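This one's a predicted model, so the numbers in the text were calculated from it and none came from an experiment. Only heavy atoms go into these numbers, but all of them, side chains included; no hydrogens, no water, no symmetry mates.
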Amino acid sequence: MEAATTRIVPGSGVCTLINVFTVAPERQAELVRLLEEATEEVMRHQPGFISANLHRSLDGTRVANYAQWASREHFEAMLRDPKAQVHMRAAAALVEKFEPHLYEVVSTHARG
């Protein structure tokens, strides 16, 4: 995998998807692999895709996807793509629930 190109910049106009999946601990690794595969094979080739960052909870019950898209319209176009839908259905079949929401960055803070 290439290094992430995620830049979190207030006012950039980037559309951020944060999707939290609730999963049985014994299926967490399988879900991570599926999401990695979907990102490499389909998502990163979609118009407007910027980056995706997968996080797994230390207790094994969640996986979070922090993904950036150039616009909400690009994200919504991806949702209509049949190749993307195959992966989304496969992920949905592995999890107890998923909670996708779109966001915009309003501020960032760092130790300085």
What's the shortest heavy-atom distance between [X] and [Y], and which atoms?
{"X": "Val23", "Y": "Arg62", "value": "CG1-N, 4.1 Å"}
{"X": "Met88", "Y": "Leu79", "value": "SD-CD2, 3.6 Å"}
{"X": "Tyr103", "Y": "Ile18", "value": "CE1-CB, 3.6 Å"}
{"X": "Pro25", "Y": "Thr61", "value": "CG-CG2, 4.1 Å"}
{"X": "Cys15", "Y": "Ser71", "value": "CB-C, 3.7 Å"}
{"X": "Ala52", "Y": "Asn65", "value": "CB-OD1, 3.9 Å"}

Please tell me whether [X] and [Y] are part of a single hydrophobic cluster in this structure, the criterion being side-chain heavy atoms less than 4.5 Å apart.
{"X": "Val14", "Y": "Leu102", "value": "no"}
{"X": "Leu54", "Y": "Tyr66", "value": "no"}
{"X": "Ile50", "Y": "Met78", "value": "no"}
{"X": "Leu94", "Y": "Val86", "value": "no"}

Could you please spell out the steps behind the side-chain contact (heavy atoms from CB on, under 4.5 Å) verdict for Val63 and His55? CA-CA 6 Å; Val63 174; His55 306 260; over 6 Å; no
Distance-only, no hydrogens or angles: does the Gln28 side chain make a donor-acceptor pair with backbone N or O of Ser57 under 3.5 Å? yes
Kindly say whether Met43 contributes a backbone atom to a donor-acceptor pair with the side chain of Thr39 at under 3.5 angstrom? no
Distance in Å, Leu35 CG paired with Glu30 CD, rounded so as to fall on 0.5 Å steps: 10.5 Å
Among Glu40, Glu41, Gln46, find the residue that satisfies the side-chain hydrogen bond (donor to acceptor under 3.5 Å, both in side chains) test when tested with Arg44.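 One option only clears the test, and that one is Glu40.
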Glu76 vs Arg72, salt bridge (charged side-chain N to carboxylate O under 4.0 Å, His left out): CA-CA, chis, key distance, verdict: CA-CA 6 Å; Glu76 290 172 350; Arg72 181 181 194 146; 3.0 Å; yes
Would the number of heavy atoms belonging to other residues, nucleotides or ligands and lying under 6.0 Å from CZ of Phe98 be above 12?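 Not more than 12 within 6.0 Å, no.
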Would you say that more than 12 heavy atoms from the other residues, nucleotides or ligands in this model lie under 6.0 Å from the CD of Gln85, or not?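 Atom CD in Gln85 is packed in, count exceeds 12.
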Intermediate values then yes/no, side-chain contact (heavy atoms from CB on, under 4.5 Å), Ile8 and Gln68: CA-CA 9 Å; Ile8 302 173; Gln68 293 181 327; 4.2 Å; yes
How far apart are the C-alpha atoms of His101 and Leu17, what are their side-chain angles, what is the distance that settles it, and do they pass the side-chain contact (heavy atoms from CB on, under 4.5 Å) test? CA-CA 6 Å; His101 297 280; Leu17 165 71; over 6 Å; no
Working note: Leu31 + Phe21, criterion side-chain contact (heavy atoms from CB on, under 4.5 Å); need CA distance, chi angles, decisive distance, verdict. CA-CA 9 Å; Leu31 177 61; Phe21 299 86; 3.7 Å; yes
Could you tell me whether Arg33 and Glu37 make a salt bridge, using a distance below 4.0 angstrom between a side-chain N and a carboxylate O? no
Does the side chain of Val105 come within less than 4.5 Å of Pro10's, by heavy atoms? yes
